[in-house]
Undergrad: 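Let me begin by handing over the structure; questions about it come next.
The figures that follow rest on heavy atoms only: side chains count, while hydrogens, waters and symmetry mates do not.
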Amino acid sequence: MKIFNLFPLTVIQKKIFLEDTERASLIAEINKMRNENKQEIKSNYAWTGDTKGHEFLFSNSLFKSISKKISSVIIDYLKTLEINPENLDIYYQRSWATYTDIEQNINFHTHSQSNISFAYYLLKPPNSGGIIFRSNDLQNEIAKNIFTNSKLDKSLINKANQYNSDRSMFDLDQDSIIVFPSKTAHATAPNRSNLPRISISGDISIMLKDSKGFEHLMPNFHNWTKF
């Protein structure tokens with residue numbers, strides 16, 4: 001028997017290595033940002049800089065080097081999809097840090113305002129939790145809600161696997177970056193280590209350098225008219 005899995009969601013993972021001195025400098029700067037609005041009460045959810053007034057991390061000169069390295073990975077991602085980056089202007093729309101303390105996590109969400117998103121693990125202790133992707137469009141769902149947990153509990157479904165699950169988790173090592181379409185629902189698993197997990201995340205927007213003859217992709221904002 002042959003099995004064919006069609007209509008993939010493509011996610012890429014790569015390593016970006018930093019010198020210890022640069023890593024320490026970036027962590028110190030993120031901690032400085034976090035301490036500006038540190039929560040008084042212990043929260044179950046991670047500190048995310050994009051919701052705390054620090055959504056333009058790459059405008060900080062300390063992060064210029066890492067942003068250039070991430071840019072190279074984004075180009076690789078576009079080429080994997082056979083999209084020609086030479087026809088595009090590519091922008092970091094937002095960039096921010098996340099700080100996930102013990103037992104904290106990030107709930108499922110999407111970044112619907114952008115095209116491509118990424119997460120780079122600046123500090124990733126063992127057992128500190130991975131990133132989870134979820135699909136709302138289960139191609140193998142032959143009957144509505146047949147793959148829900150209740151069906152698993154009632155033994156209609158023997159076990160969850162790649163053919164019937166609506167989610168996949170990647171538990172990556174430190175210095176890994178993962179890149180995916182922004183519209184993909186994603187979350188993070190709780191941090192089960194005794195140390196924080198720190199990541200650098202960002203949203204990327206792409207637009208055509210020349211939109212002549214194109215209908216759907218965003219035309220270059222230089223040709224927009226402000227009112």
Undergrad: Which heavy atom of Ile132 sits nearest to which heavy atom of Ala189, and what is that distance?
TA: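 Where Ile132 meets Ala189 most closely, the heavy atoms are CD1-N, 4.0 Å.
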Undergrad: Assess the residue pair Trp224 and Met218 against the criterion (side-chain contact (heavy atoms from CB on, under 4.5 Å)); give the C-alpha distance rounded to whole Å, side-chain angles, the decisive distance to 0.1 Å, and a yes or no.
TA: CA-CA 11 Å; Trp224 298 5; Met218 188 178 294; 3.7 Å; yes
Undergrad: State plainly whether one hydrophobic cluster holds both Leu78 and Leu208, where clusters connect Ile, Leu, Val, Met, Phe, Trp and Tyr through side-chain heavy atoms under 4.5 angstrom apart.
TA: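 Yes.
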Undergrad: Counting C-beta onward and ignoring hydrogens, is there a side-chain heavy-atom pair between Met33 and Trp47 closer than 4.5 Å?
TA: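 They are in side-chain contact.
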Undergrad: Check whether more than 12 heavy atoms from other residues, nucleotides or ligands sit under 6.0 Å from atom CG of Asp20, and answer yes or no.
TA: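 12 or below, so no.
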Undergrad: Using a 3.5 Å distance criterion without hydrogens, assess whether the side chain of Arg192 forms a donor-acceptor pair with backbone atoms of Glu103.
TA: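 No; judged by distance alone, with no hydrogens or angles, the pair does not exist.
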Undergrad: Using modelled atom types only, decide if a donor and an acceptor are shared between the side chain of Gln13 and the backbone of Leu172 within a distance under 3.5 Å.
TA: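 No.
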Undergrad: Would you give me the side-chain donor-acceptor pairs under 3.5 Å for residues 54-63, sequence neighbours excluded?
TA:
{"from": "His54", "atom 1": "NE2", "to": "Glu36", "atom 2": "OE1", "distance (Å)": "3.3"}
{"from": "Ser59", "atom 1": "OG", "to": "Phe56", "atom 2": "O", "distance (Å)": "2.6"}
{"from": "Asn60", "atom 1": "OD1", "to": "Leu62", "atom 2": "N", "distance (Å)": "2.9"}
{"from": "Asn60", "atom 1": "ND2", "to": "Glu29", "atom 2": "OE2", "distance (Å)": "3.0"}

Undergrad: For residues Thr100 and Gln104, report the shortest heavy-atom separation together with the two atoms involved.
TA: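 Here Thr100 and Gln104 meet closest at CG2-O, 3.2 Å.
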Undergrad: Return the set of residues passing side-chain hydrogen bond (donor to acceptor under 3.5 Å, both in side chains) with Thr51 (not counting sequence neighbours), or none when no residue passes.
TA: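 Scan of Thr51 (side-chain hydrogen bond (donor to acceptor under 3.5 Å, both in side chains), adjacent residues dropped) gives Thr48.
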Undergrad: Taking atom NZ as the centre, does Lys79 end up with more than 12 heavy-atom neighbours from other residues, nucleotides or ligands that are less than 6.0 angstrom away?
TA: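 For Lys79, atom NZ is not crowded (no more than 12 foreign heavy atoms under 6.0 Å).
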Undergrad: For the pair Asp173 and Lys124, find out whether any cationic side-chain nitrogen is under 4.0 Å from an anionic carboxylate oxygen.
TA: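 So Asp173 does not pair with Lys124 through a salt bridge.
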Undergrad: So, do Thr98 and Ile198 sit near enough that their side-chain heavy atoms are less than 4.5 Å apart?
TA: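 They are not in side-chain contact.
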Undergrad: With side-chain contact (heavy atoms from CB on, under 4.5 Å) as the criterion, how do Ile178 and Phe170 come out once you've worked through the C-alpha distance, each side chain's angles and the decisive distance to 0.1 Å?
TA: CA-CA 9 Å; Ile178 193 161; Phe170 293 80; 3.9 Å; yes
Undergrad: Look at the side-chain heavy atoms of Ile, Leu, Val, Met, Phe, Trp and Tyr, link any pair under 4.5 Å apart, and say whether Leu81 and Ile12 land in one connected group.
TA: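 Cluster IDs for Leu81 and Ile12 match.
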Undergrad: Between the side chains of Asp137 and Ser135, does any donor sit under 3.5 Å from an acceptor?
TA: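 Looking only at side-chain atoms, Ser135 and Asp137 do not form any donor-acceptor pair under 3.5 Å.
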Undergrad: Is a salt bridge present between Asp166 and Arg134, judged by a nitrogen-to-oxygen distance below 4.0 Å?
TA: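 No, no charged N to carboxylate O under 4.0 Å.
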Undergrad: State, with a plain yes or no, whether a side-chain heavy atom of Leu9 is found less than 4.5 Å away from one of Pro181.
TA: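 Sidechains of Pro181 and Leu9: in contact.
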Undergrad: Given Asp175, which partner from the list Lys15, Lys69, Arg23 fulfils the salt bridge (charged side-chain N to carboxylate O under 4.0 Å, His left out) test?
TA: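 Running salt bridge (charged side-chain N to carboxylate O under 4.0 Å, His left out) over Lys15, Lys69, Arg23 with Asp175 returns exactly one hit, Arg23.
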Undergrad: Going by atom types alone, do Ser117 and Asp203 pair a side-chain donor with an acceptor below 3.5 Å?
TA: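 Distance-only check passes for Ser117 and Asp203.
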Undergrad: Would you find more than 12 non-hydrogen atoms of other residues, nucleotides or ligands less than 6.0 Å from Met207 atom CE?
TA: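 Yes, CE of Met207 has more than 12 neighbouring heavy atoms, counting only those of other groups under 6.0 Å.
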Undergrad: May I ask you to test the Val179-Asp76 pair for a side-chain heavy-atom distance under 4.5 Å?
TA: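 Counting from C-beta outward, Val179 and Asp76 never come under 4.5 Å.
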Undergrad: With rounding to the nearest 0.5 Å, note down the distance linking NZ in Lys14 to CD1 in Ile74.
TA: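 Reported to 0.5 Å precision, the distance equals 10.5 Å.
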Undergrad: Would a 4.5 Å heavy-atom cut-off, applied to side chains only, mark Lys32 and Asn35 as touching?
TA: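 Counting from C-beta outward, Lys32 and Asn35 never come under 4.5 Å.
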Undergrad: What residue among Leu122, Ile27, Leu123, Asn31 forms side-chain contact (heavy atoms from CB on, under 4.5 Å) with Tyr99?
TA: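 With Tyr99 as partner, side-chain contact (heavy atoms from CB on, under 4.5 Å) holds for just one option, Asn31.
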Undergrad: Hey, is the main chain of Phe214 close enough, under 3.5 Å, to the side chain of His216 for a donor-acceptor pair?
TA: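 Such a contact is absent between His216 side chain and Phe214 backbone.
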Undergrad: After noting the C-alpha distance and the side-chain angles of Tyr91 and Asp89, does the key distance pass the side-chain contact (heavy atoms from CB on, under 4.5 Å) rule?
TA: CA-CA 7 Å; Tyr91 294 89; Asp89 279 338; 3.7 Å; yes
Undergrad: Side chains of Asn164 and Asn140: closer than 4.5 Å at any heavy-atom pair?
TA: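 No, too far: nothing below the 4.5 Å cut-off.
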Undergrad: Look only at the side chain of Lys52 and the backbone of Arg34, and say whether a donor-acceptor pair between them is shorter than 3.5 Å.
TA: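 Absent.
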Undergrad: How close do Leu138 and Ser165 get, counting heavy atoms only, and between which atoms?
TA: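 Heavy atoms only, the tightest pair is CD2-O, 3.7 Å.
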Undergrad: What closest approach, in Å, do Glu22 and Ile66 show between heavy atoms, and which atom pair accounts for it?
TA: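 Scanning both residues completely, I find the closest heavy atoms to be OE2-N, 4.0 Å.
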Undergrad: For Gly129, is there any backbone N or O sitting under 3.5 Å from a side-chain donor or acceptor partner on Asn191?
TA: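 No, Asn191 side chain to Gly129 backbone: no donor-acceptor pair under 3.5 Å.
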Undergrad: In Å, rounded to the nearest 0.5 Å, how long is the span from CD1 of Ile90 to OG of Ser71?
TA: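 Reported value, rounded in 0.5 Å steps: 8.5 Å.
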Undergrad: Strictly by modelled atom types, are Tyr92 and Ser205 linked by a side-chain donor-acceptor pair under 3.5 Å?
TA: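 Judged by distance alone, the side chains do not pair up.
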Undergrad: Indicate whether the side chain of Arg197 and that of Ser128 have a donor and an acceptor atom separated by less than 3.5 Å.
TA: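 Checked: Arg197/Ser128 side chains show no N/O donor-acceptor pair below 3.5 Å.
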Undergrad: Tell me, do Tyr45 and Thr188 make a side-chain contact under 4.5 Å, heavy atoms counted?
TA: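 SC-SC contact between Tyr45 and Thr188 ruled out.
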Undergrad: Take Phe118 and Phe180 through the test side-chain contact (heavy atoms from CB on, under 4.5 Å) and record every step on the way to the result.
TA: CA-CA 6 Å; Phe118 68 86; Phe180 52 94; 5.6 Å; no
Undergrad: A side-chain contact here means heavy atoms from C-beta on lying under 4.5 Å apart; do Arg94 and Ser114 qualify?
TA: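 No - every pair of side-chain heavy atoms lies 4.5 Å or more apart.
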Undergrad: Using a distance-only test with no angle check, is there a side-chain donor-acceptor pair under 3.5 angstrom linking Asn105 and Asn44?
TA: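 No, Asn44 and Asn105 have no side-chain donor paired with an acceptor closer than 3.5 Å.
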Undergrad: Assigning hydrophobic clusters by single linkage (Ile, Leu, Val, Met, Phe, Trp, Tyr; side-chain heavy-atom cutoff under 4.5 Å), is Val11 placed with Met169?
TA: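 Val11 does not cluster with Met169.
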Undergrad: Where the side chain of Ser201 meets the backbone of Ala119, is there a donor-acceptor pair that is under 3.5 Å apart?
TA: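 Absent.
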Undergrad: Is the closest side-chain donor-acceptor distance between Asn5 and Tyr163 under 3.5 Å?
TA: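 Side-chain D/A pair, Asn5 to Tyr163: absent.
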Undergrad: Which heavy atom in Leu195 sits nearest to a heavy atom in Pro125, and how many Å separate them?
TA: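 That would be CB-CG, 3.6 Å.
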Undergrad: Is a side-chain N or O of Ser199 found less than 3.5 angstrom from the main chain of Tyr121, in a donor-acceptor match?
TA: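 Checking the backbone N and O of Tyr121 against the side chain of Ser199, no donor-acceptor pair under 3.5 Å is found.
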Undergrad: Quick one: does any side-chain atom of Asp210 pair with a main-chain N or O of Leu88 as donor and acceptor, under 3.5 Å?
TA: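 Such a contact is absent between Asp210 side chain and Leu88 backbone.
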Undergrad: Under 6.0 Å from the CZ atom of Phe108, do we count more than 12 heavy atoms belonging to anything else shown?
TA: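 Yes, because the 6.0 Å sphere around CZ of Phe108 holds more than 12 heavy atoms from other groups.
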